[in-house]
Structures are given as C-alpha cells and as structure tokens.
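Just so you know, these numbers come straight off a predicted model, no measurement behind them. Side chains are part of it too, since the values below use all heavy atoms of this structure and drop only hydrogens, waters and symmetry mates.
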Amino acid sequence: QVQLVESGGGSVQAGGSLSVSCAASGYTATLSCMGWFRQGPGKEREGVASIYSGDGSTYYDDSVKGRFTLSRDNAKNTVYLQMNSLKPENTAIYYCAAARVWVGSRCRATSTGPLRDGYWGQGTQVTVSS
C-alpha cells in the first residue's frame, strides 16, 4: 500500500508564492514518478507538473512553466512544488499523485497516462485572491 500526504498550500494574494509538498509512505520503492494535479471550482482535474526519479527529469503544463518548480528528495520520498507569481485562476485543490513508470517520457502529469491512473493524496487547498 502507498499513502500520499500533502501539506502546505493556503491563501495568498495574486503575484505571491506558496509551496506544497507531498510525502509518500508505505511501499514507495516503485514510485518512480510523482507529480501534481489540480482541480479548480467547476473545472475538471488537470495536470500541473511531474518528476521522474530515474534522472530527475521534469514535466510542466504550459500554464505553469516558468512560475512553478517541482523538486524531489528521493531519500525522503517527498516532492516539493514551489509556486511563484500565482494567479487567481490557480485557485484549486492540489492533489499529489504517484506511479511506477520505466522511462521518464512516461512520467507526465496529463489527463491520461500512468500518473493519472496511479496513487492519489487527499488534496490541499490553494487559494489566490485578486
């Protein structure tokens, strides 16, 4: 079994920064891909970013490139998402996800794929006010 526990988040004004983290526990040896999705009010869940433990390669949705940074501490089985220049439209519940993939190209926070079908955390709220 795998458990993912998110922390961080909160409220900030537009232009500000927040960070969220996700710690994995349980059978973590196979969690080569970890990342984040989000679901805003009245919206479908969408991918944000992901990172592959094999080579540290990252993937970002176009909407967050240059503003969000994802990092991973393999020893702690934890990923960190630093979010800068936040916008009101970034308001959402942010969910951590994890999965086993064999190559970095399959570690993608997208609407379909291994990460979308993997393990999920309970989510943490991020609210950006204008």
Side-chain angles (χ1 to χ4, degrees):
Q1 272 289 10
V2 171
Q3 296 81 40
L4 302 176
V5 178
E6 300 102 334
S7 60
S11 299
V12 69
Q13 289 190 327
S17 298
L18 283 174
S19 63
V20 290
S21 61
C22 172
S25 62
Y27 191 56
T28 61
T30 62
L31 301 180
S32 54
C33 179
M34 295 183 71
W36 292 89
F37 291 75
R38 65 187 177 192
Q39 187 165 13
K43 298 181 180 180
E44 293 188 353
R45 195 170 295 190
E46 61 181 6
V48 177
S50 50
I51 187 165
Y52 178 58
S53 65
D55 58 8
S57 56
T58 53
Y59 163 87
Y60 295 95
D61 184 79
D62 286 345
S63 65
V64 305
K65 282 181 180 177
R67 299 188 299 120
F68 289 16
T69 302
L70 182 62
S71 60
R72 177 170 182 162
D73 185 332
N74 289 330
K76 296 181 178 180
N77 294 308
T78 300
V79 291
Y80 307 91
L81 182 67
Q82 176 65 40
M83 302 178 287
N84 299 328
S85 302
L86 282 162
K87 305 174 182 179
E89 53 264 41
N90 298 144
T91 294
I93 299 175
Y94 282 69
Y95 296 91
C96 178
R100 182 179 191 178
V101 302
W102 295 105
V103 294
S105 60
R106 293 282 285 162
C107 183
R108 296 287 184 266
T110 53
S111 58
T112 60
L115 191 58
R116 184 66 175 85
D117 297 332
Y119 300 98
W120 287 86
Q122 293 299 306
T124 185
Q125 179 70 46
V126 170
T127 302
V128 185
S129 58
S130 57

Quiz prompt | W120 side chain reached by C96 side chain, heavy atoms, under 4.5 Å | solution = no
Self-check item: Side-chain heavy-atom pair I93, T124 within 4.5 angstrom cut-off
Solution: no
Practice problem: Without swapping roles, check the side chain of S32 against the backbone of V101 for a donor-acceptor pair under 3.5 Å. | Solution: yes
Quiz prompt | Check: R38 and E46 side chains under 4.5 Å, non-hydrogen atoms | solution = yes
Quiz prompt | Test item: S57 side-chain N/O and D55 main-chain N/O as donor-acceptor pair under 3.5 Å | solution = no
Exercise. Give a yes-or-no answer on whether the side chains of Q13 and S129 include a donor-acceptor pair shorter than 3.5 Å.
Key: no
Self-check item: side-chain contact (heavy atoms from CB on, under 4.5 Å) between M83 and V128, intermediate numbers included
Solution: CA-CA 11 Å; M83 302 178 287; V128 185; over 6 Å; no
Practice problem: Determine, step by step, whether S21 and S7 satisfy the side chain to side chain donor-acceptor pair (under 3.5 Å) criterion, reporting the C-alpha distance in whole Å, the side-chain angles of both residues, the deciding distance to 0.1 Å, and the verdict. | Solution: CA-CA 5 Å; S21 61; S7 60; 2.7 Å; yes
Practice problem: Using a 4.5 Å cut-off on heavy atoms from C-beta on, say whether the side chain of I51 contacts that of V79. | Solution: yes
Self-check item: Test item: T127 and V12 side chains (from C-beta on) under 4.5 Å apart, heavy atoms
Solution: no
Exercise. Calculate, to the nearest 0.5 Å, the distance between atoms CG and OG belonging to N90 and S63 respectively.
Key: 7.0 Å
Practice problem: Give, for atom OG of S11 and atom CG of L18, the distance between the pair rounded to the nearest 0.5 Å. | Solution: 8.0 Å
Exercise. Specify the closest pair of heavy atoms between A49 and L81, including all atoms of both residues, with the distance to one decimal.
Key: CB-CD1, 4.4 Å
Practice problem: Kindly indicate whether the side chain of W36, heavy atoms from C-beta on, has any atom under 4.5 Å from the side chain of E6. | Solution: yes
Practice problem: Decide side-chain contact (heavy atoms from CB on, under 4.5 Å) for Y119 and L31; before the verdict, give the C-alpha distance in whole Å, the side-chain angles of both, and the deciding distance to 0.1 Å. | Solution: CA-CA 9 Å; Y119 300 98; L31 301 180; 3.9 Å; yes
Quiz item: Between N77 and T28, does a side chain to side chain donor-acceptor pair (under 3.5 Å) hold up when you go through it step by step?
Solution: CA-CA 7 Å; N77 294 308; T28 61; 3.2 Å; yes
Practice problem: Give a yes or no on this: more than 12 heavy atoms of other residues, nucleotides or ligands lie within 6.0 Å of atom CD of Q3. | Solution: yes
Self-check item: Distance (rounded to the nearest 0.5 Å) between Y80 OH and M34 CE
Solution: 10.0 Å
Quiz item: Would you find a donor on one side and an acceptor on the other, under 3.5 Å apart, between the side chain of R67 and the backbone of S85?
Solution: yes
Exercise. Using the side-chain contact (heavy atoms from CB on, under 4.5 Å) rule, take V126 and V20 through it: C-alpha gap first, then chi angles, then the decisive distance, then the call.
Key: CA-CA 9 Å; V126 170; V20 290; 4.2 Å; yes
Quiz item: Is the backbone N or O of W102 less than 3.5 Å from a side-chain atom of Y52, with the two atoms forming a donor-acceptor pair by type?
Solution: yes
Self-check item: Check: R116 and F37 side chains under 4.5 Å, non-hydrogen atoms
Solution: yes
Self-check item: Closest non-hydrogen atom pair, C22 against L4
Solution: SG-CB, 3.9 Å
Quiz prompt | Evaluation steps, side chain to side chain donor-acceptor pair (under 3.5 Å), between S53 and N74 | solution = CA-CA 7 Å; S53 65; N74 289 330; 4.9 Å; no
Quiz item: Are L86 and F68 side-chain neighbours, meaning at least one heavy-atom pair lies under 4.5 Å?
Solution: yes
Quiz item: About how many Å separate CG of L70 and OG of S50, when rounded to the nearest 0.5 Å?
Solution: 7.0 Å
Practice problem: Supply the atom-to-atom distance C107 SG to R100 CZ, rounded to the nearest 0.5 angstrom. | Solution: 14.0 Å
Self-check item: Nearest atoms (heavy-atom pairs only) where G118 meets A99
Solution: CA-CB, 4.2 Å
Quiz item: Any donor and acceptor pair, going by atom type alone, linking the side chain of D117 with main-chain N or O of P114 inside 3.5 Å?
Solution: no
Practice problem: Could you go through the side chain to side chain donor-acceptor pair (under 3.5 Å) check for R108 and Y59 one step at a time? | Solution: CA-CA 6 Å; R108 296 287 184 266; Y59 163 87; over 6 Å; no
Quiz item: Between the side chain of D73 and the main-chain N/O of K76, is any donor-acceptor distance below 3.5 Å?
Solution: yes
Exercise. Please say whether the positively charged group of R45, taken as NZ for Lys or CZ for Arg, lies over the ring of Y95, i.e. under 6.0 angstrom from the six-membered ring centre and within 45 degrees of the axis.
Key: yes
